[in-house]
J.: 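Structure in structure tokens, see below.
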Amino acid sequence: MSRPDVVERAAPFDFAPLLPAGLPPPAVKWKGAPKYNFTGGNNDADQVPLDGLVAAAEAVLRREGRTLATYGLTSGPQGYRPLRQFLAAKLARDAGIACTFEDVLIVSGSLQALDLVNAVLLARGDTVIIEQETYQGALTRLARLGAHTIGIPLDRDGMRMDVLAAELAALERRNVRPKYIYTIPTVQNPTATIMPEHRRVELLKLARQYGVPIFEDDCYADLVWDGARPPALYAMSGGDGVIHIGSFSKSIAPALRVGFIVGRWDILSRIIACKTDAGSGALEQMVLAEFCAPHFHAHVPKLRRGLRAKLETLMAALDEQFGTAAEFDDPKGGIFLWVKLPDAVDTLKLYPAALAAGVAINPGPEWSTNAAHGRSRMRLCFASPSHEEIRHGIAALAEICRAEFGVPARIANVEARAGR
Ligand SMILES: Cc1ncc(COP(=O)(O)O)c(C=O)c1O
């Protein structure tokens with residue numbers, strides 16, 4: 001068809017007066033990935049199990065491709081049944097969760113799970129308890145919904161129960177019943193802590209005592225280096241008062257956009273009623289189910305070994321370039337390192353300076369309810385850059401940090417290296 005004539009008008013149409021109040025600021029146009037990208041939850045490109053996914057796609061499409069003609073693939077509104085069956089078996093084996101495929105809802109990434117749980121439970125002004133350092137995607141959603149968030153500080157075992165107990169008691173005195181306690185108990189984002197079983201028991205007891213449900217986000221649970229994880233809170237509660245979410249983003253690939261919710265029918269039925277998108281991407285679900293049933297448990301240990309090797313490279317690069325100026329715990333799993341820099345460093349200011357030089361970091365305040373605590377901290381994702389990019393990127397970051405804040409001082413590096 002030839003190009004139609006454009007119907008001219010004096011000035012371009014202005015959408016601005018039509019936009020409702022409370023929208024987020026406009027998106028910034030994407031200008032390509034930075035040279036050294038330590039941001040986001042991206043995974044290792046070399047670890048995507050391509051051959052297996054190609055074979056799975058071919059096999060499942062040839063066998064069942066015609067079901068694509070039906071919304072929901074003849075599996076109904078909860079998602080592709082073989083994928084839900086795989087998940088029920090996997091969650092029983094790995095997380096101790098006793099559920100059937102009927103307790104599982106497939107969603108478009110666990111971000112959609114956050115949206116759905118919030119849609120079902122939250123109204124403007126509601127109170128929610130979260131970990132003080134937590135997933136930025138959870139924080140921005142809660143802010144946009146006008147929720148009042150209470151951040152509970154973490155120690156090396158995750159959310160602190162003494163502070164949680166005090167907060168719950170204080171809220172009860174004010175007749176406030178929080179809508180949920182959101183936790184990432186197994187390889188926390190960003191601190192990478194793993195809540196031990198005894199603390200999980202305490203958390204469940206407190207949640208019960210105050211009548212507050214737990215919202216358990218377990219998306220990194222497959223990435224514990226030695227594969228040994230504590231049972232899920234959902235498992236330890238028998239599913240009573242716990243909503244459990246997970247994802248294939250960290251174990252297979254984030255661009256697939258496949259996550260899941262596990263819940264008892266009383267709450268799952270309310271969540272399904274809010275999922276009005278006529279089903280999550282069907283092809284991804286089919287390919288995942290076909291691939292995962294035979295290959296998931298061989299793939300994940302390989303992925304973990306590769307991630308651990310990149311973490312070693314990152315920790316060595318930080319030691320070399322920052323010396324004692326960069327403090328961190330050696331994480332037990334995951335894809336992030338949570339780094340404390342000297343108090344002189346403001347990572348919100350380091351961020352633009354580093355980006356201008358091609359190094360992207362996540363500044364700490366964006367991952368915390370306590371901006372002062374996050375001020376000199378940053379989150380580094382080590383899964384996606386190559387070993388070489390990690391080394392060069394951290395060297396570049398140290399140069400920028402030194403130019404902006406005077407740390408690390410060269411002399412400190414030399415001393416640190418000699419002393420380590
Ligand atoms: C704690 C946590 N929850 C949820 C998500 C969302 O993941 P996805 O929507 O890719 O499943 C992420 C992504 O990084 C995360 O870190």
Side-chain angles (χ1 to χ4, degrees), residues 37-45 47-48 79 83 87 90-91 95 104-119 128-142 144 149 151-152 154 158-159 180-195 214-224 229 232-234 243-262 271 275 277 280-281 284-285 288 292 300 303 307 331 333-338 360-362 364 366-369 378-384:
N37 189 6
F38 296 101
T39 64
N42 299 311
N43 218 316
D44 185 344
Q47 299 264 13
V48 177
L83 186 60
L87 280 168
K90 173 202 181 305
L91 290 167
V104 180
L105 169 67
I106 303 293
V107 291
S108 304
S110 50
L111 278 169
Q112 189 181 36
L114 291 179
D115 285 333
L116 288 170
V117 172
N118 286 341
V128 161
I129 295 183
I130 58 180
E131 284 145 351
Q132 179 180 281
E133 277 66 55
T134 192
Y135 175 44
Q136 186 191 28
L139 284 173
T140 51
R141 278 168 170 71
L142 292 169
R144 173 133 190 252
T149 51
I152 308 293
L154 301 109
M159 190 191 284
Y180 59 68
I181 301 169
Y182 172 73
T183 177
I184 312 163
T186 318
V187 191
Q188 208 262 350
N189 181 1
T191 61
T193 52
I194 298 178
M195 189 184 285
I214 292 177
F215 183 4
E216 175 177 44
D217 186 343
D218 233 13
C219 70
Y220 297 99
D222 293 313
L223 301 184
V224 182
R229 52 151 302 163
L233 291 158
Y234 190 94
I243 300 169
H244 177 96
I245 68 170
S247 177
F248 287 96
S249 289
K250 314 302 168 183
S251 52
I252 305 285
L256 293 174
R257 310 305 307 128
V258 180
F260 55 91
I261 303 178
V262 185
I271 292 171
K275 190 175 186 295
D277 60 3
S280 295
E284 293 84 345
Q285 295 184 55
L288 273 175
C292 287
V300 166
L303 170 65
L307 293 174
I335 56 175
F336 305 116
L337 193 64
W338 182 236
I361 59 161
N362 285 124
E366 294 179 358
W367 301 79
S368 183
T369 60
M378 63 178 170
R379 194 192 73 157
L380 300 174
C381 171
F382 52 81
S384 137

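Counting from 1, the numbers follow the sequence of the chain as shown. Whatever order the structure lists ligands and atoms in, that order sets their numbers, starting from 1.
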J.: Which pair of heavy atoms, one from Thr39 and one from Asn362, lies closest together, and at what distance?
T.: CA-OD1, 3.3 Å

J.: Of the backbone atoms (N, CA, C, O) and the side-chain heavy atoms from C-beta on, which set of Tyr220 has a member under 4.0 Å from an atom of ligand 1: side chain, backbone, both, or neither?
T.: side chain

J.: Is the Tyr234 ring parallel, tilted or perpendicular to the His244 ring (thresholds 30°, 60°)?
T.: perpendicular

J.: Assign the ring pair Tyr220 / Phe336 to parallel, tilted or perpendicular, where the plane angle (0 to 90°) is split at 30° and 60°.
T.: perpendicular

J.: Just grab all the salt bridge (Lys or Arg N to Asp or Glu O under 4.0 Å) pairs involving residues 108-118, residues at least two apart or on different chains.
T.: Asp115-Arg141

J.: Please report the shortest heavy-atom distance between Ser384 and Asn37, naming the atom on each side.
T.: OG-O, 4.3 Å

J.: Please could you name the atoms of ligand 1 that Cys219 approaches to less than 4.0 Å, counting only its heavy atoms?
T.: 1 (C), 2 (C), 3 (N), 15 (C)

J.: Between ligand 1 and Arg257, is the shortest N or O to N or O distance under 3.5 Å?
T.: yes

J.: Can you list the ligand 1 atoms lying under 4.0 Å from a non-hydrogen atom of Ile184?
T.: 1 (C)

J.: Could you tell me whether Asp217 approaches ligand 1 through its side chain, its backbone, both or neither, with non-hydrogen atoms closer than 4.0 Å?
T.: side chain

J.: Measure Ser110 to ligand 1 on non-hydrogen atoms and call it side chain, backbone, both or neither using the 4.0 Å cut-off.
T.: both

J.: Where is the nearest protein heavy atom to atom 14 (O) of ligand 1: which residue, which atom, and how far?
T.: Lys250 NZ, 2.8 Å

J.: Counting non-hydrogen protein atoms only, what is the nearest one to atom 12 (C) of ligand 1? Give residue, atom name and distance.
T.: Tyr135 CZ, 3.3 Å

J.: Under the rule for side chain to side chain donor-acceptor pair (under 3.5 Å), what residues qualify as partners of Arg257, not counting sequence neighbours?
T.: none

J.: For a quick test of reading the model, state the closest non-hydrogen atom pair linking Gln112 to Ser280 and the distance between them.
T.: OE1-OG, 3.7 Å

J.: If you measure every N or O of Leu114 against every N or O of ligand 1, does any of those distances drop under 3.5 Å?
T.: no

J.: Any atoms of ligand 1 less than 4.0 Å from a non-hydrogen atom of Gly109? List them with their elements.
T.: 9 (O), 11 (O)

J.: Heavy-atom distance under 4.5 Å between the side chains of Asn189 and Cys219, does that happen here?
T.: no

J.: In terms of atom number and element, which parts of ligand 1 are under 4.0 angstrom from non-hydrogen atoms of Ser247?
T.: 8 (P), 11 (O)

J.: Looking at Asn189, which atoms of ligand 1 are within less than 4.0 Å of one of its heavy atoms?
T.: 15 (C), 16 (O)

